[in-house]
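Have a look at the structure below before the remarks.
Here the structure is a predicted model, which is why all the values come from computation and not from measurement. Count residues from 1 along the sequence.
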Amino acid sequence: MDTLTHIALGACMGEAFAGKTVGKKAMLWGVLAQSVPDIDFVAAFWLDTSSNLLAHRGFTHSILFAVIITLLMAVLAERWHRPHNISFRRWTFFFGAAILTHIFLDAFNNYGVGWFEPFSHYRISFNIIYVADPFFSIVSGIALVMLLLLKQKNKKRIFWWKFSLAINFLYLCYAVINKIIINRDVQKVLAKQEIRYTRYFTTPAPLQNWLWYVVAGNDSGYYTGYRSVFDKSPEMQLRYFPRNTFLLDSLPADKNLAADQLVKFSQQFYTVEKKQDTLIFNDLRFGQIIGWQNPEESFAFYYYLHPDIDNTLVVQRGRFAKWNGQVFKSLVKRIAGN
């Protein structure tokens, strides 16, 4: 999830755990615990872009890292707040719950999380919630503001942290139900349209949980399209993109490592294309730029393999490209179904 969501959620969890005992400092501990897995951002200062893509949400989002940091933070907090009536076991439970919640929620996105690092490099991706979903985050954000404004002994503080955590949980359940509905409908569509595939996933389009982006295909290429939970039509418009793996054979030797890392990062959901003299690697998991409006649009994640062009913001640069008021209206209209 996005950083602000982790901060708001961590503050609510901290308040729930020890707000009455250590005051608003409990919120700060919750924020720290919810934020510490993202310390891997510092790797960007010395790793190249393709290596950093694999490092992000890797070891610092693993179960092993969660256990180590939980114990360290529990020791620090227990000593920091002496004298107090909070046992080391309770501190450990709190920090463990906060950190594990972070890596669990991140697995609901499409990036992938290395729960089993360093023993396995397999990435977990549930593809259930968009990385920045305001409908998931808004209540936690409001609760954070209220907890900051209300005095420590105000009884309304209990309502706000309970309300926030309950709504977050219910929204996750709702998103899971939407995922089940979409998968059921899409699989029927693919069977009816006689599309053969060995790899397949669905993930929410930007900023909501009703319109979903679909990818299905094999080593030859992939079909992409969009399906709303409100769609009534048994048909679905799909666009085919050849994978073009052979284009990677033309890369200079010094680019092979980056290409291999990108293939691994994409979990095999990729295409390669050549535009004039530029070779581009597309990771299909991040969707298309306003693809619900124009199925011919480029993919949001595109990496310039050759020649050397800046790829620093490769994950972010295409996410909201070409967005304007008309595009937003088209998104709302597409969500309404067809």
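- The closest donor-acceptor contact from the side chain of Q208 to the backbone of A205 lies under 3.5 Å.
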| Derivation of the ring-ring contact (aromatic ring centres under 6.0 Å, His included) call for Y270 and F281 | CA-CA 7 Å; Y270 72 89; F281 183 98; 5.0 Å; yes
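- Closest approach of A74 and T92 over heavy atoms only: CB-OG1, 3.5 Å.
- Within 6.0 Å of atom NZ in K25, 12 or fewer heavy atoms from other residues, nucleotides or ligands are found, so the atom counts as exposed in its surroundings.
- For the salt bridge (charged side-chain N to carboxylate O under 4.0 Å, His left out) with E235, the qualifying choice from K192, R227, K188 is K192, the only one to do so.
- Look at R243 and D219 and you find a salt bridge, because one of the NZ, NE, NH1 or NH2 atoms lies within 4.0 Å of a carboxylate O, short of that distance.
- Of all the heavy atoms in T312 and D310, the pair that sits closest is OG1-OD1, 2.5 Å.
- Of the candidates F269, Y111, F286, F286 is the only one forming a ring pair (Phe, Tyr, Trp, His ring centres under 6.0 Å) with F301.
- For the pair S125 and V113, the minimum side-chain heavy-atom distance is 4.5 Å or more.
- When all heavy atoms of T60 and I103 are compared, the pair lying nearest together is O-CG2, 4.5 Å.
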| task | Just do the ring-ring contact (aromatic ring centres under 6.0 Å, His included) check on Y122 and W115 with the steps written out, would you? | result | CA-CA 8 Å; Y122 180 74; W115 281 357; 9.7 Å; no
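- Side-chain contact between D48 and Q261: present, with at least one pair of heavy atoms (C-beta onward) separated by less than 4.5 Å.
- Taking the ring axis of Y302 as reference, the NZ or CZ atom of R317 stays within 45° of it and closer than 6.0 Å to the ring centre.
- Side-chain atoms of L257 and S50, non-hydrogen and from C-beta on, never get closer than 4.5 Å to each other.
- Using a 4.5 Å cut-off on side-chain heavy atoms (C-beta onward), M236 and V214 make contact.
- Interatomic distance, CZ of F104 versus CG of L172, reported as 7.0 Å (0.5 Å rounding).
- Under the 4.5 Å side-chain criterion, counting only non-hydrogen atoms from C-beta, N183 is in contact with Y200.
- Shortest non-hydrogen contact noted between C12 and W161 is O-CB, 3.7 Å.
- In this structure, the side chains of R334 and Q293 stay at 4.5 Å or more apart for every pair of heavy atoms.
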| Test log, rule side-chain hydrogen bond (donor to acceptor under 3.5 Å, both in side chains), inputs H6 and D106 | CA-CA 10 Å; H6 283 306; D106 278 358; 3.0 Å; yes
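- The existence of a salt bridge linking K20 and E15 is excluded, since no basic side-chain nitrogen approaches an acidic carboxylate oxygen closer than 4.0 Å.
- Although no hydrogens or angles enter the test, the distance criterion places a donor-acceptor pair under 3.5 Å between the side chain of D40 and the main chain of R57.
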| said: Show, in sequence, the C-alpha distance, side-chain angles and deciding distance for W212 and F201, and conclude whether the ring-ring contact (aromatic ring centres under 6.0 Å, His included) test is met. | reply: CA-CA 10 Å; W212 291 62; F201 76 87; over 10 Å; no
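- Both F299 and L207 sit in one connected hydrophobic cluster of ILVMFWY residues. Membership requires side-chain heavy atoms under 4.5 Å apart, directly or through other members.
- Side-chain atoms of V36 and I99, non-hydrogen and from C-beta on, do get closer than 4.5 Å to each other.
- Minimum heavy-atom separation, P204 to N209: CG-ND2, 3.6 Å.
- By the 30° and 60° cut-offs, the orientation of the rings of W29 relative to W80 is perpendicular.
- Atoms CD1 and OG, from I167 and S137 in turn, are 13.0 Å apart once rounded to the nearest 0.5 Å.
- In terms of modelled atom types and a separation under 3.5 Å, the side chain of E78 and the main chain of F88 share no donor-acceptor contact.
- To the nearest 0.5 Å, atom OG1 of residue T49 and atom CG of residue N311 are 5.5 Å apart.
- Checked by atom type and distance alone, the side chain of T101 pairs as donor or acceptor with a backbone atom of A97 at under 3.5 Å.
- Looking at L238 and T224, their side chains never come closer than 4.5 Å, going by heavy atoms from C-beta outward.
- Figure legend: cation-pi geometry between R239 and F241, with NZ or CZ positioned under 6.0 Å from the six-membered ring centre and within 45° of its axis.
- A distance of 10.5 Å separates CG of N282 from OG of S266, quoted to the nearest 0.5 Å.
- A cation-pi geometry, defined here as NZ or CZ lying under 6.0 Å from the six-membered ring centre and within 45° of its normal, holds between R285 and F265.
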| query | Where do W323 and W292 land on the ring-ring contact (aromatic ring centres under 6.0 Å, His included) test, with the steps shown first? | reply | CA-CA 12 Å; W323 277 62; W292 59 88; 5.5 Å; yes
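- Remark: E297 engages K322 in a salt bridge, criterion side-chain N to carboxylate O under 4.0 Å.
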